[in-house]
K.L.:
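Provided herewith is a single structure, encoded as structure tokens, for subsequent inquiry.
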Amino acid sequence: MGLQSQQILIVEDELRIRNLLRLYLEREGFEVDEATTGEIGLEKALRYDYDLLILDVMLPSMDGFFVTSRIRQYKTTPILILTAKDSEEDVSQGFELGADDYVTKPFSPREVVHRIRSVVRRRQAGNHENLTFYRRLKLRDFILEDDHKLSSRGKEIHLTPKEYELLFYLATSPDKLFSRENILQNVWNYDYSVDYRTVDTHIKRVREKLDYISAGSSSMIKTIWGLGYKFEID
């Protein structure tokens, strides 16, 4: 199977949703492949080099969270989870396993296409950046490496790609206040408002990992109620 640029794999067991997504994606110039079970989706995702995967969670044979975790063991293909599971715990789990975006049903097909374009564009820009320079950031007694590793005094933890981008974005402008809209535009490359839980969930996960490295370090990311977040280094 010869894949061309910007080919999307839809892993979804509902025919109506697959057809709707295919209609909008093909109209926007994407090529579309499909899988109806988690097992088939995982096999295809590991065999071929797609530009992005759209992945339901509640799938026959194996769920989307398991598929995401298996894919992340071998590949960095962008993953957009599209599911009816909308609790904070589900969203957090999806991102922690390595999803690049999380959209809940019911959904707007136009919004999904926009998010896909944002993820693919961001991925292509990131690949170009990685060929030109290596980013390493010192945060007080922390070191943030370009391989998504956060370390301090011999202790280290790995961030997901989006956690890394978020922390790098905040920390390179200490004491500057960022609204959720600003963070979505610059870290997620969204140019309109979406569910702010995307930002809040990632902030929560980054804080937990900062505290894992050094207790109390999560306080470096301040919540300014009603306005947004900022990174402070004492």
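Every value quoted in this text rests on a predicted model; they were computed, and no experiment measured them.
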K.L.:
Indicate yes or no for a side-chain donor-acceptor contact from Asp56 to the backbone of Leu59 under 3.5 Å, with no hydrogens or angles considered.
P.N.:
no
K.L.:
Does the Asp33 side chain pair with the main chain of Leu9, one donor and one acceptor, at a distance under 3.5 Å?
P.N.:
no
K.L.:
Is the CZ atom of Arg27 crowded by more than 12 outside heavy atoms at less than 6.0 Å?
P.N.:
yes
K.L.:
Hydrogens and angles aside, do Arg207 and Thr223 bring a side-chain donor and acceptor to less than 3.5 Å of each other?
P.N.:
yes
K.L.:
For residues Ile143 and Ile213: do they belong to one hydrophobic cluster (side chain heavy atoms under 4.5 Å, members Ile, Leu, Val, Met, Phe, Trp, Tyr)?
P.N.:
no
K.L.:
Between Asp86 and Arg197, is there a side-chain N and carboxylate O pair less than 4.0 Å apart?
P.N.:
no
K.L.:
Is Glu43 salt-bridged to Arg47, going by a charged N under 4.0 Å from an acidic O?
P.N.:
yes
K.L.:
Determine whether Ile17 and Lys105 make a side-chain contact, defined as any pair of heavy atoms from C-beta on separated by less than 4.5 Å.
P.N.:
yes
K.L.:
Give a yes or no answer on whether the side chain of Arg117 reaches the backbone of Glu28 with a donor-acceptor pair at less than 3.5 Å.
P.N.:
yes
K.L.:
Are Glu96 and Lys209 within salt-bridge range, i.e. N to O under 4.0 Å?
P.N.:
yes
K.L.:
For residues Ser218 and Asp211, is any side-chain donor paired with an opposing acceptor at under 3.5 Å?
P.N.:
yes
K.L.:
Arg72 side chain to Gly98 main-chain N or O, any donor-acceptor pair under 3.5 Å?
P.N.:
yes
K.L.:
Relative to Phe231, does Lys176 satisfy both conditions: NZ or CZ under 6.0 angstrom from the six-membered ring centre, and within 45 degrees of the ring's axis?
P.N.:
no
K.L.:
If we check side chain to side chain contact (heavy atoms under 4.5 Å, CB included) with Glu163, which of these qualifies: His148, His202, Glu208, His158?
P.N.:
His202
K.L.:
Within a strict 4.5 Å, meaning less than it, do heavy atoms of the Leu80 and Asp100 side chains meet?
P.N.:
no
K.L.:
Hydrogens and angles aside, do Asn182 and Ser179 bring a side-chain donor and acceptor to less than 3.5 Å of each other?
P.N.:
no
K.L.:
Going by heavy atoms in the side chains, are Tyr102 and Thr201 under 4.5 Å from each other?
P.N.:
no
K.L.:
Go through the side-chain N and O atoms of Asp200 and Tyr229 and say whether any donor and acceptor fall under 3.5 Å apart.
P.N.:
yes
K.L.:
Taking the side chain from Lys230 and the backbone from Ser173, do they hold a donor-acceptor pair closer than 3.5 Å?
P.N.:
no
K.L.:
What orientation do Tyr48 and Tyr50 show, parallel under 30°, tilted 30 to 60°, or perpendicular over 60°?
P.N.:
perpendicular
K.L.:
Does the distance from a Lys or Arg side-chain N to an Asp or Glu carboxylate O, for Asp49 and Lys75, drop under 4.0 Å?
P.N.:
yes
K.L.:
Distance-only, no hydrogens or angles: does the Ser217 side chain make a donor-acceptor pair with backbone N or O of Ser214 under 3.5 Å?
P.N.:
yes
K.L.:
Salt bridge between Arg18 and Glu12, side-chain N to carboxylate O under 4.0 Å?
P.N.:
no
